[in-house]
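To start, the structure itself, in structure tokens.
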Amino acid sequence: MNKGTINVSVDNIFPLIKKFLYSDHEIFLRELISNATDATLKLKHLSSIGEAQTEYGNPTIEVKVNKKKKTLHIIDQGIGMTQEEVQKYINEIAFSGAEEFLEKYKDKKADEAGIIGHFGLGFYSAFMVASKVEIITKSYKDEPAAHWTCDGSPNYTLEEHNKSERGTEIILHISDEEKDFLEESKIRSLLGKYNKFMPIPIKFGKKTETLPKPEGAKDSDPAPTKEVDDIINNPTPAWTKTPTDLKDQDYKSFYRELYPMQFEEPLFHIHLNVDYPFNLTGILYFPKMSPDMNMQKDRIQLYQNQVFVTDNVEGIVPEFLTMLRGVIDSPDIPLNVSRSYLQADGAVKKISSYITRKVADKLKSLFNENREDFSAKWEDIKVVIEYGMLTEEKFFEKAESFYLYPTVDGAFLTYDELKEKCTALQTDKDGKLIYLYASDKDAQHSYIEGAKAKGYEVLLMNTPIVGHLLQKLEGSKENISFVRVDSDSIDNLIKKEDTTPSKLSEDEKTVLKERLESVIPTSTYTVQMESLDSSSSPFMITEPEFMRRMKEMQQTGGGGMFGMGQMPEMYNLVINTNHELIQKIVETKTQAKQERLIKQGFDLAKLSKNLLKGQDLTQFINRSFDLIK
């Protein structure tokens, strides 16, 4: 038997491992199974090139819990190690990686220390949960098996063992404070989390399978059963296959495998597959999304060679795509660094750009191949596309060809189609093309109808970030403006050369304005006298486009003007001086009747804008009943 001391400069490295990696201590199992997988795949490679004179067969990795002995076993049928290799890889190389990690991070907190294994710690993560670790290993070479033991101090023993089958068994003597890892439910949960798609079948216990009934069996006879190995992983997930080998149903089945509690089908998928200048595979799914952006992020899972790493893909996947779901697998993502460095890494930037381009190309092809279906899905995908147009310049450039402008009448127009449709009627006296839009068909119904009566096209733009997008669109195109239908009177939304003369004199307008301002709360409403078409509403409440948009942009995360998000609501009360009701108010002699008519007209305007509430609404109802008695 050989005895030795592991050469480390850090005094008692094992408590330090526990201290620094406590927050991630569960991932010891991922590390040990990753090592077992590597050993098995190395054997496969050596067998394929004739270097290993052994039958590869159908190897598995087995995980066993012995609660009585307080041990956890990870057993593989891989390449194995000789005594010399144990000395080299376990006592020297692996520990130097651990030491380097701890030297670098000994002054940092656990949550800053990063994820184990990304620093070469790998095998030594076992000591986060074990008071003693054994390795029993037999190499594929014709040499005796080796037995290594270490009790969490720098001392170890290494001796021969009578193991006859090729492979390695790691035995963890679980420490008292980590006894949760002797619970089968806990181990099964961790295997499902980290090793669900490992490339080698992983056995954990047994399960009962129901067999078909024999011929002639009665309906009341129980079906026969048998005990079989419980393989907890899918070694060949969809993303590891080529797209030509998969049907649409395969992608949907894999989505259900990833998200068993998600009952809605994804809208469509994007298969990622590139091997130069970096390796990356994966499948992204577009789920149904609501316009309010109330979506859970962190649903994309990051793998490295089919080993789960994290569901925080910030920096790897562009921000606007973090609302998608699916899997990304790449050995080229530098996970041994902090997230801030991740984002600055050259490989990561290339991967992020590639994913952006692939998503844009997929959306473009869906639009070209079946525009009707693309339009039908628009409500569910538009918020991601708009977010992408705002945050990724290259995506904005590509998206212009497939971004759709829905109208209140249910049409979906490209920008070129919209421009062609609106140019003739909606160009104002200064040559600017005005696009009208609504954000709520019901709340802005009267304004929409007024615009449609003029022959104008009205878009329906209702996501929380639409103000930001319109600002960007106005900046990217010449001489255009987007204006919400309730931001001014219809005649002022698109100003033409001809103006309608007012039926009131200047003196009458001055007197009327003073009378109105004595009744209307001027802290919230600014009275505006306008000579409009006599068929237009006598009282109309509008919200100036600029002020409202700046306020909305501030409220949805930046843009706009600082401090405007907290400003009180401000409205214009537009008075149509050519309407007969306004004429009647001017001609009314008694102040009480005049005030009643003003309040009634004002409340009707508030009602059409959904602003009439509480006491004002009650008074309006009572006044209306009095008028029709």
Side-chain angles (χ1 to χ4, degrees), residues 288-295 375-383 385-386 404-413 418 421-422 426 434-470 482-494 524-525 532-533 535-549 551-553 555-556 568-574 576 579 600-621 623-624:
K288 285 189 174 181
M289 296 183 207
S290 56
D292 61 5
M293 297 179 73
N294 186 23
M295 285 295 297
S375 299
K377 290 172 177 168
W378 184 253
E379 285 301 306
D380 294 311
I381 63 175
K382 66 182 178 184
V383 70
I385 295 173
E386 289 180 0
L404 295 178
Y405 295 80
T407 73
V408 291
D409 296 320
F412 292 87
L413 308 172
L418 177 66
K421 202 164 189 180
C422 297
Q426 294 180 216
I434 309 296
Y435 296 116
L436 302 180
Y437 72 97
S439 58
D440 187 322
K441 278 169 71 171
D442 293 329
Q444 294 149 15
H445 184 267
S446 63
Y447 301 89
I448 293 168
E449 289 303 305
K452 285 168 71 174
K454 292 266 190 182
Y456 297 155
E457 194 70 56
V458 182
L459 303 174
L460 184 61
M461 312 285 276
N462 59 0
T463 61
I465 54 174
V466 76
H468 298 268
L469 181 64
L470 297 181
F482 288 87
V483 182
R484 207 167 82 177
V485 284
D486 61 348
S487 62
D488 209 333
S489 63
I490 191 62
D491 292 342
N492 284 339
L493 288 174
I494 306 173
T524 306
Y525 295 91
L532 308 174
D533 190 286
S535 61
S536 295
S537 298
F539 288 79
M540 185 186 298
I541 294 169
T542 63
E543 287 182 83
E545 177 72 18
F546 176 78
M547 297 291 285
R548 192 208 75 253
R549 195 192 293 184
K551 184 178 170 70
E552 288 174 353
M553 286 168 69
Q555 289 170 339
T556 54
E569 300 288 353
M570 296 294 293
Y571 302 96
N572 289 335
L573 176 64
V574 178
N576 181 5
H579 195 280
Q600 191 72 3
F602 176 52
D603 284 351
L604 284 166
K606 284 169 73 179
L607 193 63
S608 73
K609 187 79 173 140
N610 203 27
L611 293 172
L612 193 59
K613 294 178 173 69
Q615 185 181 359
D616 289 346
L617 178 59
T618 304
Q619 289 175 352
F620 168 76
I621 292 168
R623 194 188 318 117
S624 298

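We're numbering straight along the sequence, starting at 1.
Nearest heavy-atom pair, Leu493 versus Arg484, reported as atom, atom and distance to 0.1 Å: CD2-O, 3.8 Å. Among all heavy-atom pairs drawn from Ile448 and Asp440, the shortest one is CD1-O, 4.4 Å. For the pair Ala451 and Val485, the tightest heavy-atom approach, listed with the atom from each and the gap, is CB-CG1, 4.2 Å. Nearest heavy atoms, Met540 versus Ser489: SD-CA, 3.7 Å. Here the shortest heavy-atom pairing between Lys452 and Asp409 reads NZ-OD1, 2.9 Å.
Listed for the Lys609 side chain is no donor-acceptor partner under 3.5 Å among the backbone atoms of Thr542. Under a 3.5 Å cut-off, the side chain of Asn572 and the backbone N or O of Val574 do not form any donor-acceptor pair. The main-chain N or O of Phe620 is found under 3.5 Å from a side-chain atom of Ser624 such that the two form a donor-acceptor pair. Checked by atom type and distance alone, the side chain of Glu449 never pairs as donor or acceptor with a backbone atom of His445 at under 3.5 Å.
Contact of the Phe539 side chain with the Leu604 side chain is not registered, since no non-hydrogen atoms from C-beta on lie closer than 4.5 Å. Using a 4.5 Å heavy-atom threshold, the side chains of Tyr435 and Tyr456 count as separate. By the 4.5 Å heavy-atom criterion applied to side chains, Trp378 and Phe412 are counted as neighbours. Side-chain contact between Leu413 and Thr407 is present, with heavy atoms from C-beta onward closer than 4.5 Å. Inter-residue side-chain proximity for Leu459 and Leu418 is flagged as met; some heavy-atom pair is nearer than 4.5 Å. Residues Met461 and Ser439 fail the side-chain proximity criterion, which asks for heavy atoms closer than 4.5 Å. Ile490 has its side chain within reach of Lys454: a pair of non-hydrogen atoms, C-beta onward, lies under 4.5 Å apart. A 4.5 Å side-chain heavy-atom check between Ser446 and Ser608 finds at least one atom pair inside the cut-off.
How far NZ of Lys421 is from CD of Gln426: 10.0 Å, rounded to the nearest 0.5 Å. Atom-to-atom distance recorded for Leu532:CG and Asn492:CG is 6.5 Å, nearest 0.5 angstrom. Interatomic distance, CD1 of Ile541 versus CG of Leu612, reported as 9.0 Å (0.5 Å rounding). For the atom pair OG1 of Thr618 and NZ of Lys613, the computed distance is 13.0 Å after rounding to the nearest 0.5 Å. Considering CD of Glu386 and CG of Leu469, their distance stands at 5.0 Å, rounded to 0.5 Å. Taking CG of Asn610 as the start and CG of Asp486 as the end, the distance is 11.5 Å to the nearest 0.5 Å.
In this structure Asn576 satisfies the side-chain hydrogen bond (donor to acceptor under 3.5 Å, both in side chains) test with no other residue, sequence neighbours excluded. Under the side-chain hydrogen bond (donor to acceptor under 3.5 Å, both in side chains) criterion, Lys606 pairs with Asp616, sequence neighbours left out.
Ring pair Tyr525/Phe602 is perpendicular by interplanar angle, where above 60° counts as perpendicular and below 30° as parallel.
Glu543 and Ser487 form no side-chain donor-acceptor contact under 3.5 Å, judged by distance and modelled atom types alone. Inspection of the Ser536 and Asp533 side chains reveals no N or O donor paired with an N or O acceptor under 3.5 Å.
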* How far apart are the C-alpha atoms of Tyr437 and Leu470, what are their side-chain angles, what is the distance that settles it, and do they pass the side chain to side chain contact (heavy atoms under 4.5 Å, CB included) test? -> CA-CA 11 Å; Tyr437 72 97; Leu470 297 181; 3.5 Å; yes
* To do: Could you go through the side chain to side chain contact (heavy atoms under 4.5 Å, CB included) check for Phe482 and Val466 one step at a time?
  => CA-CA 11 Å; Phe482 288 87; Val466 76; over 6 Å; no
